[in-house]
2 protein chains.
Amino acid sequence: MEDTRDQIRAAALELFVRQGYEVTSLREIADRVGITKASLYYHYPSKQALLTSIVDPLVKGWERLGAEVVALPQTPEHKRFALDAYLDMMLGHRAIVTLLMRDAGAVLAVFAPTVDNVTATVRQVQRWLAGPEPSGPDRIRAQVALDTIGVAMSSGSLLPEVTEDDLRTTLLDAACAVLRLPPPAGGAIGAPVPTVPSAPPVAPGVGGRR
Amino acid sequence: MEDTRDQIRAAALELFVRQGYEVTSLREIADRVGITKASLYYHYPSKQALLTSIVDPLVKGWERLGAEVVALPQTPEHKRFALDAYLDMMLGHRAIVTLLMRDAGAVLAVFAPTVDNVTATVRQVQRWLAGPEPSGPDRIRAQVALDTIGVAMSSGSLLPEVTEDDLRTTLLDAACAVLRLPPPAGGAIGAPVPTVPSAPPVAPGVGGRR
DNA sequence: GTCTATACGAGGATAGAC
DNA sequence: GTCTATCCTCGTATAGAC
């Protein structure tokens with residue numbers, strides 16, 4: 001029964017998101033699961049390892065998506081598609097993203113070894129979005145487009161009463177506007193988007209609580 | 001001689017930004033200033049008080065700007081102006097904003113009492129930007145426009161070799177694009193922007209270190 | 001204003017019994 | 001797998017001398 005491990009992860013994620021990583025003690029997490037601190041160490045060798053196992057799916061998803069995306073041709077259609085896929089993945093990991101926003105520092109510290117890879121991936125995607133031989137502003141726009149999607153999601157508290165559907169389409173449009181992509185051509189353009197799967201299965205995250 | 005107090009604040013800000021608030025110990029800060037932990041307590045009654053005094057200027061600036069902005073008519077020109085002023089203020093407090101991004105959680109925790117006021121201000125500005133009787137998407141766009149400016153600034157590490165000027169104009173344009181504001185009418189429109197001072201004097205922040 | 005010394009508590013982590 | 005007990009380190013904060 002792997003159940004306890006999962007319970008721990010879920011409890012930790014919830015507490016981390018609500019209170020922050022540093023502030024949350026292992027005792028709190030253990031209490032919530034109904035075990036003791038020591039038992040927790042049976043399942044995870046350290047607090048950092050716990051955090052890693054929580055954030056890992058998002059990192060993996062991002063790296064995978066990044067690799068797929070940069071292989072595509074840099075057409076407006078594909079860019080729009082890439083942003084959509086990115087948005088989709090982020091929404092799938094909503095709780096984790098919130099944590100990342102809250103405690104960017106702590107999370108990055110834990111991923112210090114891996115972080116260069118991630119940064120590299122982000123850079124690649126940014127360059128891909130910016131187009132060939134991008135100017136400074138081109139690169140800024142590319143980065144803002146990416147950030148748009150990430151940040152606005154964590155602003156749930158500032159945007160209640162907004163449907164997920166509105167959020168999804170509006171964010172995509174906003175990112176496209178920033179990139180100055182032409183609006184999607186009304187008709188069918190053959191198949192503008194090829195093989196890339198729309199998004200990984202993606203765990204539901206611990207979403208809730210909003 | 002208020003010098004020590006300022007030295008402490010500067011050292012603390014730098015360390016907080018680089019390592020994070022929770023992780024940075026008072027001993028480190030004291031060491032850097034060349035005094036002891038105990039002396040530090042003579043100047044600031046607690047670590048939280050220190051953080052407060054660091055972040056306070058930004059909060060104040062934001063509240064002040066918010067109050068001024070929501071009193072303006074909701075024309076495209078004024079919205080553009082408001083975003084510009086907002087951008088200006090954020091750039092003026094660059095280091096603090098970076099800290100806020102890094103440790104949003106910790107900072108918010110410290111400002112828990114005040115935080116409702118701030119949230120309220122943000123909400124007001126968001127509504128002002130969204131226009132009268134805004135739809136869901138209108139409100140999302142307003143929020144994204146605000147976030148655009150804030151976030152992209154912290155992405156300095158992902159956008160080296162970009163001039164501050166490019167950053168400034170591109171971010172403003174991006175925010176306007178998100179809001180679907182028409183491009184600024186080429187000619188002079190009388191005085192589209194009235195009394196509002198372009199931005200508070202604004203401390204230079206401890207910028208550096210990038 | 002700044003120091004030395006110290007109280008106090010909390011948190012991460014380990015050892016070893018059940 | 002889970003517990004009790006314990007270690008060690010570190011951070012906040014205070015007392016009191018210089």
Side-chain angles (χ1 to χ4, degrees), chain A residues 1-56 99 102-114, chain B residues 1-56 99 102-114:
Chain A
M1 193 73 100
E2 278 263 327
D3 207 21
T4 311
R5 258 186 84 90
D6 297 341
Q7 275 181 275
I8 293 174
R9 268 223 313 284
L13 176 54
E14 194 182 324
L15 289 171
F16 287 168
V17 167
R18 191 165 22 162
Q19 317 175 333
Y21 170 74
E22 318 278 4
V23 178
T24 302
S25 73
L26 294 180
R27 203 180 61 75
E28 276 178 295
I29 299 171
D31 279 0
R32 176 163 274 240
V33 179
I35 60 178
T36 62
K37 231 183 3 172
S39 303
L40 211 158
Y41 275 90
Y42 172 82
H43 298 281
Y44 293 94
S46 75
K47 195 184 181 185
Q48 289 205 349
L50 178 53
L51 178 58
T52 302
S53 87
I54 288 175
V55 180
D56 196 63
L99 171 59
R102 241 205 91 108
D103 284 299
V107 176
L108 287 187
V110 170
F111 278 84
T114 329
Chain B
M1 191 75 99
E2 277 263 328
D3 208 19
T4 311
R5 258 186 83 90
D6 297 342
Q7 277 181 275
I8 294 173
R9 266 222 315 283
L13 176 54
E14 194 181 323
L15 289 172
F16 287 168
V17 168
R18 190 165 23 162
Q19 316 176 333
Y21 170 75
E22 318 279 2
V23 178
T24 302
S25 74
L26 294 181
R27 202 178 64 75
E28 276 178 295
I29 299 171
D31 280 359
R32 176 162 275 240
V33 179
I35 61 178
T36 62
K37 236 180 2 172
S39 304
L40 212 157
Y41 274 91
Y42 172 82
H43 296 283
Y44 293 94
S46 75
K47 194 184 182 186
Q48 288 206 349
L50 178 54
L51 178 59
T52 302
S53 87
I54 287 175
V55 180
D56 196 62
L99 172 59
R102 238 207 91 107
D103 284 301
V107 175
L108 287 186
V110 170
F111 277 84
T114 328

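We name chains A, B, ... by the order of the sequence lines, and we start the count at 1 in each one.
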Practice task
Produce a footprint string for nucleotides 3-18 of chain D: one letter per nucleotide, 5' end first; B if the base is under 4.0 Å from any protein heavy atom, S if only the sugar-phosphate is, - if neither.
Solution key: BB------SBBBB---

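Between atom OG1 of residue B:Thr52 and atom OH of residue B:Tyr44 there is a gap of 10.5 Å, rounded to the nearest 0.5 Å.
For A:Tyr42 and D:dG1, the shortest distance from a side-chain N or O to OP1 or OP2 is below 4.0 Å.
Across every non-hydrogen atom of B:Arg5 and B:His43, the tightest pair is NH1-O, 3.0 Å. Considering all non-hydrogen atoms of both residues, A:Arg18 and A:Arg102 come closest at O-NH1, 3.1 Å. Of all heavy-atom pairs between B:Tyr21 and B:Ala106, the closest is CD2-CB, 3.7 Å. Of all the heavy atoms in B:Ile8 and B:Val33, the pair that sits closest is CA-CG2, 3.9 Å.
Rounding to whole angstrom units, NE2 of residue B:His43 and P of C:dG1 are separated by 7 Å. Put simply, CZ on A:Arg5 is 13 Å from C1' on D:dG1, counting in whole angstrom units.
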